[in-house]
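Taking it in order: structure first as structure tokens, then the write-up.
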Amino acid sequence: MRPRRRLESLRQEIDHLFDDFGVGTWRSPFGSSFFDMDPFRRAKAAFSGMPEVDATETEKGYKVVAELPGMDEKNIEVKIANGMLTIKGEKLEEKEEDKQDYYVRERSFGSFERTFQVPDGVDLDKVDASFKKGVLTVTLPKTAEAQKAEKKITVKAE
């Protein structure tokens with residue numbers, strides 16, 4: 001058995017184990033888990049400065065919050081295509097000091113891209129993104145039909 005297939009097999013076994021505890025506990029509302037990532041991409045996400053992202057679900061919609069300290073909204077791109085929400089960003093920082101005894105010029109550059117599957121029932125025309133104090137918030141409201149999908153049943157005593 002090739003090493004790649006062993007990893008996939010192990011991942012499937014772990015997913016089945018977590019499924020036994022209940023899908024909602026271990027998976028995000030976006031239908032993916034940490035185990036769904038390719039092992040090499042997972043290592044890159046953990047060690048390359050990928051932004052922290054929280055995805056939550058409410059009865060009215062979904063919210064994705066990404067911490068992007070030191071970035072400008074003009075360097076952030078949010079788009080939805082083919083059922084996927086993509087958040088991209090680039091950061092270019094230049095620092096220059098020119099003093100009597102020395103001259104220092106530093107440049108740093110970094111970029112990231114995170115992609116999430118958009119859940120069924122999202123009203124794509126009302127998706128909104130805002131950026132404040134280094135925090136990007138993407139709001140994905142549910143359609144009226146998706147909000148009514150859950151019905152509470154009253155339990156009667158007999």
Side-chain angles (χ1 to χ4, degrees), residues 4-94 107-155:
R4 176 86 173 165
R5 288 209 174 133
R6 286 186 195 138
L7 288 173
E8 288 174 9
S9 175
L10 176 62
R11 187 201 81 193
Q12 289 172 350
E13 288 180 43
I14 292 171
D15 282 345
H16 289 298
L17 175 68
F18 285 128
D19 286 342
D20 290 342
F21 290 107
V23 172
T25 306
W26 299 100
R27 295 190 183 269
S28 79
F30 293 91
S32 63
S33 74
F34 188 70
F35 300 108
D36 290 336
M37 292 175 112
D38 175 88
F40 299 107
R41 200 169 126 228
R42 185 169 49 244
K44 183 178 177 186
F47 301 113
S48 71
M50 286 288 216
E52 292 291 324
V53 176
D54 292 323
T56 56
E57 178 180 11
T58 66
E59 64 182 55
K60 295 189 181 222
Y62 304 92
K63 188 179 286 190
V64 177
V65 179
E67 295 178 15
L68 306 172
M71 293 196 68
D72 261 332
E73 68 275 358
K74 66 183 177 213
N75 296 328
I76 300 169
E77 178 183 322
V78 178
K79 67 180 180 179
I80 294 180
N82 301 319
M84 303 298 281
L85 168 69
T86 302
I87 301 171
K88 290 167 107 173
E90 287 186 346
K91 183 177 179 181
L92 175 61
E93 190 174 1
E94 291 188 51
R107 293 182 190 163
S108 63
F109 174 80
S111 65
F112 71 89
E113 181 174 329
R114 298 284 308 261
T115 302
F116 306 91
Q117 184 174 353
V118 176
D120 292 335
V122 169
D123 190 344
L124 298 176
D125 294 329
K126 295 183 180 176
V127 174
D128 182 53
S130 62
F131 187 72
K132 183 178 180 182
K133 295 184 179 182
V135 178
L136 173 70
T137 303
V138 181
T139 307
L140 302 108
K142 292 180 182 177
T143 61
E145 295 82 30
Q147 288 181 38
K148 294 177 187 176
E150 185 176 305
K151 181 180 177 183
K152 186 174 182 180
I153 310 297
T154 304
V155 178

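The chain is numbered in sequence order, starting from 1. Quick caveat, the model's predicted, so the values are computed rather than measured.
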Please report the shortest heavy-atom distance between [X] and [Y], naming the atom on each side.
X: Arg114; Y: Pro51; answer: NH1-O, 2.9 Å
X: Phe116; Y: Ile87; answer: CE1-CD1, 4.3 Å
X: Thr115; Y: Met84; answer: CG2-CE, 3.4 Å
X: Leu136; Y: Ala129; answer: CD1-CB, 4.4 Å
X: Ser111; Y: Glu90; answer: CB-CG, 3.8 Å
X: Phe131; Y: Ile76; answer: CE1-CD1, 3.4 Å

Distance from [X] atom [atom1] to [Y] atom [atom2], nearest 0.5 Å?
X: Asp128; Y: Lys126; atom1: CG; atom2: NZ; result: 12.0 Å
X: Asp123; Y: Thr139; atom1: CG; atom2: OG1; result: 12.5 Å
X: Thr143; Y: Asp125; atom1: OG1; atom2: CG; result: 11.5 Å

Are the side chains of [Y] and [X] in contact, using a 4.5 Å heavy-atom criterion?
X: Lys63; Y: Thr137; answer: yes
X: Ile80; Y: Leu140; answer: yes
X: Leu68; Y: Phe112; answer: yes

Taking only residues two or more places apart in sequence or in another chain, which ones pass side-chain hydrogen bond (donor to acceptor under 3.5 Å, both in side chains) with Lys142?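 Lys142 satisfies side-chain hydrogen bond (donor to acceptor under 3.5 Å, both in side chains) with Glu57 once adjacent residues are dropped.
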If you draw a 6.0 Å radius around CD in Glu52, do more than 12 non-hydrogen atoms from other residues or ligands fall strictly inside?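 No, because the 6.0 Å sphere around CD of Glu52 holds 12 heavy atoms or fewer from other groups.
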One pair to check against side chain to side chain contact (heavy atoms under 4.5 Å, CB included): Asn75 and Lys91. What are the steps and the verdict? CA-CA 7 Å; Asn75 296 328; Lys91 183 177 179 181; over 6 Å; no
